Every structure is written in structure tokens, then in C-alpha cells.
Amino acid sequence: YIYSDGNNFNSLLAIDNFSNMDFINNTLRSNIITSNSRATRFNTYDFESFNFKNNILFSYNNNRCLDYQGTYGSVSSSHNNFYNQGGSLVQWNGVFYSSISSLATATINHANSHQLPPLFIDGNNYTPQQPLFNNNGTLTPSVTIDIEGNTRNNPPDIGCKEFTPP
């Protein structure tokens, strides 16, 4: 779980120049109010594989959830949730998308991803209450427990925590 309510940041998380990466079952919650910011930035030009699954990316205000720039490798992205409160949702290889459906159509990735409010319990908690995240991820054998040490369901919940919706 990564969270910030600070100012003057361009990215909550920035990862550059990776070769192989699995980014799975994370929750990133950015309350950064700096204009033209994003919750997450992945930037690489010579990689082999990038697996991006079962994540919740929430960006406050009109800031983007994700900026991705990468070429020459294999990308597998699905079962994620991207949510902001308007404006461009994602920048993918230089193109801005305001909806998951337009991103999925253009990139052949992001199958079974959502654009829903996570309905976090409160301002500082990583537990979503969104019923559509419950048991709606894709099984990844290398991720067997959640952030609190609880066994992952099969299929797992989207985000860093297994939860039971109200």
C-alpha cells in the first residue's frame, strides 16, 4: 500500500529502466493535488516483460492514475482498477485516455479492468468496499498472501487486501 496526501510531487511511485517486473495486487492512493501529476509512472525502453495485474490506482482530483512508456517488451495488464475524478485517466505510450474501455481497445491490454470508485473505508485506510473488487482478480501463484498476511482467495480480490464487502 502506498499513500500520499502531500503536495509538490509529480508521481506517488516512479519506476524507470526495468527489465522484468511483476506489479501485482497493490493499492496506490494518491491525494496529490499538484497539477499534471499521476499516481504511478513506469518508464522503460528496453525490457522483456511487465505484468501489471490486480492493482487499485486511485488519483485524487483530475490527476492521472498511470503514465506508462515502454517499447520492445511483452506487457500483460488486466484486472486492475483505475479511478480519478475526471480528466485523463491514463497516459499510455504518449497517448491520453479518459476511459478504460478506450485504453483497452487501443492497447489490447486491460481486459477485465475497471474504472470504479474504490469506496475506501476512510481517508487513510487501504480497504476498499467496492463489491466488484471482491474475488475479481486473476490468480497469480507468486502472490499467496495479502498485506495483512491473510491467504489470498482464488480468484483473489483486486488491491493489496482481501476483504469482505459490506
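Note that the coordinates shown come from a computational prediction; the quantities given were computed from them, not determined experimentally. Basis for what follows: all heavy atoms, side chains included, without hydrogens, waters or symmetry-related copies.
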Q) Any side-chain heavy atom of N54 within less than 4.5 Å of one from T140? A) yes

Q.
I'd like to know whether L103 forms a side chain to side chain contact (heavy atoms under 4.5 Å, CB included) with L89, so could you lay out the CA-CA distance, the side-chain angles of the two residues, the decisive distance to 0.1 Å, and finally the verdict.
A. CA-CA 9 Å; L103 177 66; L89 189 66; over 6 Å; no

Q: Give the minimum heavy-atom separation between S59 and R64, together with the two atoms involved.
A: OG-O, 3.2 Å

Q | Heavy-atom closest contact (C65 atom, L57 atom, distance) | A | O-CD2, 3.1 Å

Q. When rounded to the nearest 0.5 angstrom, what distance separates CZ in F23 from CG in L66?
A. 9.0 Å

**Q.** Spacing of L132 atom CG and I158 atom CD1 [to the nearest 0.5 Å]
**A.** 8.5 Å

Q) So if you build clusters from Ile, Leu, Val, Met, Phe, Trp, Tyr with side-chain heavy-atom gaps below 4.5 Å, do I145 and I24 land together? A) no

Q.
If I compare all heavy atoms of P131 with all of P165, which pair ends up nearest, and what's the gap?
A. CA-CB, 4.0 Å

Q: Check T27 against G159 and note the closest heavy-atom contact, atom names and distance.
A: OG1-CA, 3.5 Å

**Q.** N55 side-chain N/O to N80 backbone N/O, donor-acceptor pair under 3.5 Å
**A.** no

Q: Could you give me the CA-CA distance, side-chain angles and deciding distance for I121 and Q129, then say whether side chain to side chain contact (heavy atoms under 4.5 Å, CB included) is met?
A: CA-CA 7 Å; I121 289 177; Q129 296 297 291; 3.6 Å; yes

Q | Those residues that, when tested against N153, pass side-chain hydrogen bond (donor to acceptor under 3.5 Å, both in side chains) (two or more places apart) | A | N135, E162

Q: Over all heavy atoms of both residues, which pair between Q130 and F163 is shortest? Give the atoms and the distance, please.
A: O-CZ, 3.3 Å

Q. When rounded to the nearest 0.5 angstrom, what is the spacing between CG in D22 and OG in S142?
A. 5.5 Å

Q | Straight-line distance of I56 CD1 to N25 CG, nearest 0.5 Å | A | 9.0 Å

Q: Is it possible for you to say whether M21 and V143 belong to one hydrophobic cluster, with membership spreading through side-chain heavy-atom contacts below 4.5 Å?
A: no

Q) Members other than L119 in its cluster, when Ile, Leu, Val, Met, Phe, Trp, Tyr link by side-chain heavy atoms under 4.5 Å? A) none

**Q.** H79: partners by ring-ring contact (aromatic ring centres under 6.0 Å, His included), with sequence neighbours left out
**A.** none

Q.
Could you tell me if N125 and T127 have a donor-acceptor pair between their side chains, going purely by distance under 3.5 Å?
A. yes

(Q) If hydrophobic clusters are built by linking Ile, Leu, Val, Met, Phe, Trp and Tyr wherever their side-chain heavy atoms come under 4.5 Å apart, do F133 and L139 end up in the same one? (A) no

Q: Taking the side chain as every heavy atom from C-beta outward, state whether Y68 and N93 have any atom pair closer than 4.5 Å.
A: yes

(Q) Using 0.5 Å steps for rounding, measure from the OG atom of S77 to the CD1 atom of I108. (A) 11.5 Å

Q) What's the shortest heavy-atom distance between G137 and P155, and which atoms? A) O-CB, 3.4 Å

Q: Supply the atom-to-atom distance H110 NE2 to F52 CZ, rounded to the nearest 0.5 angstrom.
A: 8.0 Å

